[in-house]
Amino acid sequence: MSQVLGKPQGEDGGDDEEEDELVGLAGYEDGPESSDAELDSGPEEGESRRNSWMPRSWCSEATRHECWEPGLWRSSHLLGIGGGWRMPFILLRRQRQADFFLDFSDPFSTEVKPRILLMGLRRSGKSSIQKVVFHKMSPSETLFLESTNRICREDVSNSSFVNFQIWDFPGQIDFFDPTFDYEMIFRGTGALIFVIDSQDDYMEALARLHLTVTRAYKVNTDINFEVFIHKVDGLSDDHKIETQRDIHQRANDDLADAGLEKIHLSFYLTSIYDHSIFEAFSKVVQKLIPQLPTLENLLNIFISNSGIEKAFLFDVVSKIYIATDSTPVDMQTYELCCDMIDVVIDISCIYGLKEDGAGAPYDKDSTAIIKLNNTTVLYLKEVTKFLALVCFVREESFERKGLIDYNFHCFRKAIHEVFEVRMKMVKSRKAQSRLPKKTGATPNGTPRVLL
Ligand SMILES: Nc1nc2c(ncn2[C@@H]2O[C@H](COP(=O)(O)OP(=O)(O)OP(=O)(O)O)[C@@H](O)[C@H]2O)c(=O)[nH]1
């Protein structure tokens, strides 16, 4: 990073601050205005990107959906891999090859995205979660969702940092049928979300959770196990806490009885009827972003030098926040940020597009200021095509908007640098993989180095 922490002007004479240095609050007079125009604002050509900003169809390009009919599951003999596979053969064949040649833990791999598995009993709410978070389906519409009877895989490529696949499993699948290659599934998995319906008797779900987690852990010790205690909208506050405590206790006791207390389960109270599902998903996704510590660090530097109370880096479409500074997150703050994003995009869709509908409601000029009646200001600015920074600022600090904008300019540049490093790595990997693989000896008889 070329940026360094800004010093108060008084300490070094005040005149010789380098361009792109974050300016400290002390001694501030009038920081230069942000000038973002020259910054590249988005992923490389060829990255999956979203052009449609119609609210309900946002995900059409950012996500790729594939489902496998049950009929395909029994087609494994077509591959000659050995009889009895009950997984979609296309999927298995492709993924098998990937498993042999690709490193799932490689953050720069373009071939393999971390997988997030959605598992749980039937009707626990798995498909609803996926539809509400990634397809902008309204919660009430999920009432009409049909039971999933096939594995659905979806590629989510919302931003330079948010890149993963979601696999929605039907509740009735028997993962542990001996003919089912669960090893292949768990080997490439980054996070396993197990959804428990809190409004139902959860004993069967707990038994299933235990089985799933222990099998998965045997195959891949790096999986993050995330338990969504779901549909908590139907519970009173006391009941929520009691349910969480009980599920937490029982799940961990089961693991301890099996001698597996080293397995860490994270628990979240979720509902599609409020923002809790977005917050929980944010935390799941954050654990899969290798650049997270860098992003958090940049946010910390940015807020401490700008007099900002709290800042979130949001994926605008999914409203997942991919990073925040290290001060604690409270739900109301997060909800306000989500609401602000909705307002900005809705207003932009109505008034921001050209008459023929051309243009995008979110671009490099997107910015919004909302003053609340409690002396707080919400400030939103575009960071990349997919990411927005949303900040909470006190009214008195917002008087120094020039300083905030200048520091934002530095912050944005730094984010782009982080992204560029990743893209360079990806490009060099691609270039390497395109080179013909030579084997055998060189003309002088020394063995070739295999590329
Ligand atoms: N009250 C409440 N209902 C929910 C919530 N999430 C999902 N539901 C409802 O739960 C029912 C089942 O949801 P699905 O998403 O189809 O469940 P699933 O786990 O995908 O079910 P299978 O496909 O059969 O495995 C639907 O009627 C949803 O409306 C929630 O947070 N609160």
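Just follow the structure's listing: the first ligand is 1, and inside any ligand the first atom is 1.
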Response to the item:
Within 4.0 Å of some non-hydrogen atom of Thr142, the atoms of ligand 1 are 26 (C), 27 (O), 28 (C), 29 (O)
Worksheet entry | Electrostatic pair Glu183-Arg215, nearest N-O below 4.0 angstrom | no
Worksheet item: Between Lys310 and Thr327, does a side chain to side chain donor-acceptor pair (under 3.5 Å) hold up when you go through it step by step?
Response: CA-CA 7 Å; Lys310 182 91 197 137; Thr327 60; 3.1 Å; yes
Worksheet item: Does even one non-hydrogen atom of Ser124 get within less than 4.0 Å of ligand 1?
Response: yes
Worksheet item: Which ligand 1 atoms are under 4.0 Å away from a heavy-atom of Gln199?
Response: 1 (N)
Discussion item. I'd like to know if Asp197 pairs up with Lys231 as an ion pair, taking the criterion as any Lys NZ or Arg NE/NH1/NH2 lying under 4.0 Å from an Asp or Glu carboxylate oxygen.
Written reply: yes
Worksheet item: Gln130 and Glu154: side chain to side chain donor-acceptor pair (under 3.5 Å), yes or no, with the steps?
Response: CA-CA 9 Å; Gln130 192 192 8; Glu154 186 160 2; 2.4 Å; yes
Fill in: Salt bridge Asp246-Arg250, side-chain N to carboxylate O under 4.0 Å
yes
Worksheet entry | Nearest neighbour in protein (non-hydrogen) for atom 17 (O) of ligand 1 | Gly125 N, 3.1 Å
Discussion item. Pair Tyr217, Asp222 - check side chain to side chain donor-acceptor pair (under 3.5 Å), show working.
Written reply: CA-CA 8 Å; Tyr217 186 77; Asp222 293 331; over 6 Å; no
Worksheet item: Hey, are Glu279 and Lys283 close enough for a salt bridge, meaning a charged N less than 4.0 Å from a carboxylate O?
Response: yes
Worksheet item: So is there a nitrogen or oxygen of Thr270 less than 3.5 Å from a nitrogen or oxygen in ligand 1?
Response: no
Discussion item. Considering non-hydrogen atoms of the protein only, which is the closest contact for atom 23 (O) of ligand 1, and what is the distance?
Written reply: Thr148 N, 2.6 Å
Fill in: Subset of ligand 1 atoms that lie under 4.0 Å from at least one heavy atom of Arg122
24 (O), 25 (O)
Fill in: Protein residue, atom and distance nearest to atom 6 (N) of ligand 1, heavy-atom basis
His230 NE2, 2.9 Å
Practice prompt. Could you check atom 3 (N) of ligand 1 against the protein and tell me its nearest heavy-atom contact, residue, atom and distance included?
Written response: Lys231 CD, 3.7 Å
Discussion item. Centre-to-centre under 6.0 Å for Phe398 and Tyr379, is that the case here?
Written reply: yes
Worksheet item: Relative to atom 30 (C) of ligand 1, which among Leu143, Ile272, Ile277 owns the nearest non-hydrogen atom?
Response: Ile272
Worksheet item: Numbering the atoms of ligand 1 from 1, which are under 4.0 Å from a heavy atom of Ser271?
Response: 31 (O)
Worksheet item: What residue and atom, counting heavy atoms only, is the protein's closest point to atom 7 (C) of ligand 1, and at what distance?
Response: Ser128 OG, 3.3 Å
Discussion item. I want to know if ligand 1 touches Ser127 in the polar sense, i.e. an N/O pair below 3.5 angstrom.
Written reply: yes
Item to complete: Can you sort out which atoms of ligand 1 are near Ser147, meaning under 4.0 Å from one of its heavy atoms?
Response: 22 (P), 23 (O), 24 (O)
Worksheet item: So, are Asp342 and Lys319 salt-bridged, with charged N and O less than 4.0 Å apart?
Response: yes
Response to the item:
ligand 1 to Asp233, heavy atom cutoff 4.0 Å, flagged ligand atoms 1 (N), 2 (C), 30 (C), 31 (O), 32 (N)
Response to the item:
In this structure, atom 19 (O) of ligand 1 is nearest to the protein heavy atom Lys126 NZ, 2.8 Å
Worksheet item: Tell me: protein heavy atom nearest atom 21 (O) of ligand 1, and distance?
Response: Arg123 N, 3.0 Å
Discussion item. Checking Gln291 against Thr294: is there a side-chain donor and acceptor pair closer than 3.5 Å?
Written reply: no
Worksheet item: Distance-only, no hydrogens or angles: does the Thr212 side chain make a donor-acceptor pair with backbone N or O of Arg208 under 3.5 Å?
Response: yes
